[in-house]
Number of protein chains: 2
Amino acid sequence: MRSKIKIIVADDHAVLRAGLKLLLNNETDFIVVGEASDGEDVLTLLEKTNADVLIIDLSMPNMGGLECIKEIKSRGYPIKILVLTMYEDEQYIKEAMRSGALGYVEKHAVDTELFIAVKAVHMGQRYLNPHNSQLLLNSLLTTTPKENADNPYTLLSPREREVLKYIVRGYSMSQIGKMLCLSVKTVDTYKTRMMEKLGLTKKSQLVDYALKYDLLPAKSE
Amino acid sequence: MRSKIKIIVADDHAVLRAGLKLLLNNETDFIVVGEASDGEDVLTLLEKTNADVLIIDLSMPNMGGLECIKEIKSRGYPIKILVLTMYEDEQYIKEAMRSGALGYVEKHAVDTELFIAVKAVHMGQRYLNPHNSQLLLNSLLTTTPKENADNPYTLLSPREREVLKYIVRGYSMSQIGKMLCLSVKTVDTYKTRMMEKLGLTKKSQLVDYALKYDLLPAKSE
DNA sequence: GTTGATGTAAGATAAATTCTTACGTTATAA
DNA sequence: TTATAACGTAAGAATTTATCTTACATCAAC
């Protein structure tokens, strides 16, 4: 008989935790080795407990689930994360999956779904029910290109856009001037004109604008 | 009795086209109003025929499916596109969905799945079977998160990261100071320390760093 | 053939950044 | 249990940068 999947349950509702624990321990494949009531608890637990899977709620006091997931990832714990939550919200799901969760199960799911999900993430696979998949897909796919009428490609001149890209990247006027073989003054003029055109007053707004219209530099990965 | 869903079938295999046509016409909800054997045919057909849904294969001579989908979109035809293909390939699915297809069905799917898919895309909904959803999700999600050991969450202090976020957004030292209720000097210190820690000398490098590790502000859409 | 958008730039002033140095508080390691 | 390093905080002086204004030539469009 192979060893059981060691699970930590994190949820601020003690009753739910207890229920879950019973439910899971009742299965031959699982064993709950720890409980936490908030994100900080989880982090503490992870240091002394060696578990395979973390079942975590997103809404908890102190340190919320998302933050906790990110922290776990940044600290490099190899534990697999399954989000168990009430919300069926694209934004949440997306954010959780992006943060490092492998699966997402709703609290009103039947227990067998939870079991399947735990086993899936334990093997390193993603788990999402079909409905969530559709939701997430939607949100992932619809977030791509902007097609706004007044986007920078129509409002700003080519030279201005070029300069804007450097500004967004954090270069100073003088650096940009050097790179583009222009006088600092010229670069300054472009910047001023862009702000006039767009009705902006602060550089940060320019950055936001560029961000909004995907003028971001390609991520250097 | 409400009107039938008008369908165009595009596939370079005539037998398959004929089979599909029979299959669809046999259903009370559908009627095949046109057939095309390649992408160019489709474009020609679209000008003279008024159909609701296009069932299209990706691999066709002359103009392939992907190219054809893009062309349809760029010309602004309102027809809903359902990809019907042999390939179960993440890349293809992703590309097709990104290009403007609403659904994706494999040729070895049962007919009822095809019917469901046609009805779904006709209503403007996405259709993907659960398996494809998982595949696509995987491919969409795995292109994002960094899990580097020396990412900002371990190297930089919380306060430093906070300041970094504002720097990336294009705020000036003094603006950040105001927002965070800190002296400009303090903000400056954080920035200096970050650059020391990361071995950087220019602000633009800091921005690149933040970009690389997804410290980007959420896109304000 | 004037108007408007664009690419280019300088001078003077005002503002922001950088460099250095410093200090109390926690962890943390010796 | 005391060093020691990391962190959050900040000031003064020196320097760099940005800003504001003004200017001009070109090319397209009207």
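First the proteins, then the strands, lettered A, B, ... as listed; each starts at 1. Note: hydrogens, waters and symmetry copies are ignored here, and every other heavy atom, side chains too, is used. Source: prediction; values computed, not measured.
Closest of all the heavy-atom pairs between A:L164 and A:M194 is CB-SD, 3.7 Å.
Side-chain contact between B:L66 and B:L58 is present, with at least one heavy-atom pair separated by less than 4.5 Å.
Sequence neighbours left out, the pairs with a member in residues 27-59 of chain A that pass ring-ring contact (aromatic ring centres under 6.0 Å, His included) are A:F30-A:F115.
For the residue pair A:E113 / A:Y127, a side-chain donor-acceptor distance below 3.5 Å is found, with atom types taken as modelled.
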**Nucleotide-resolved protein contact map, nucleotides 8-22 of chain D, B/S/- at heavy-atom distance under 4.0 Å** = BBBBBB---SSBB--

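Distance alone, capped at 3.5 Å, is enough to place a donor-acceptor pair between the B:Q205 side chain and the B:K202 backbone.
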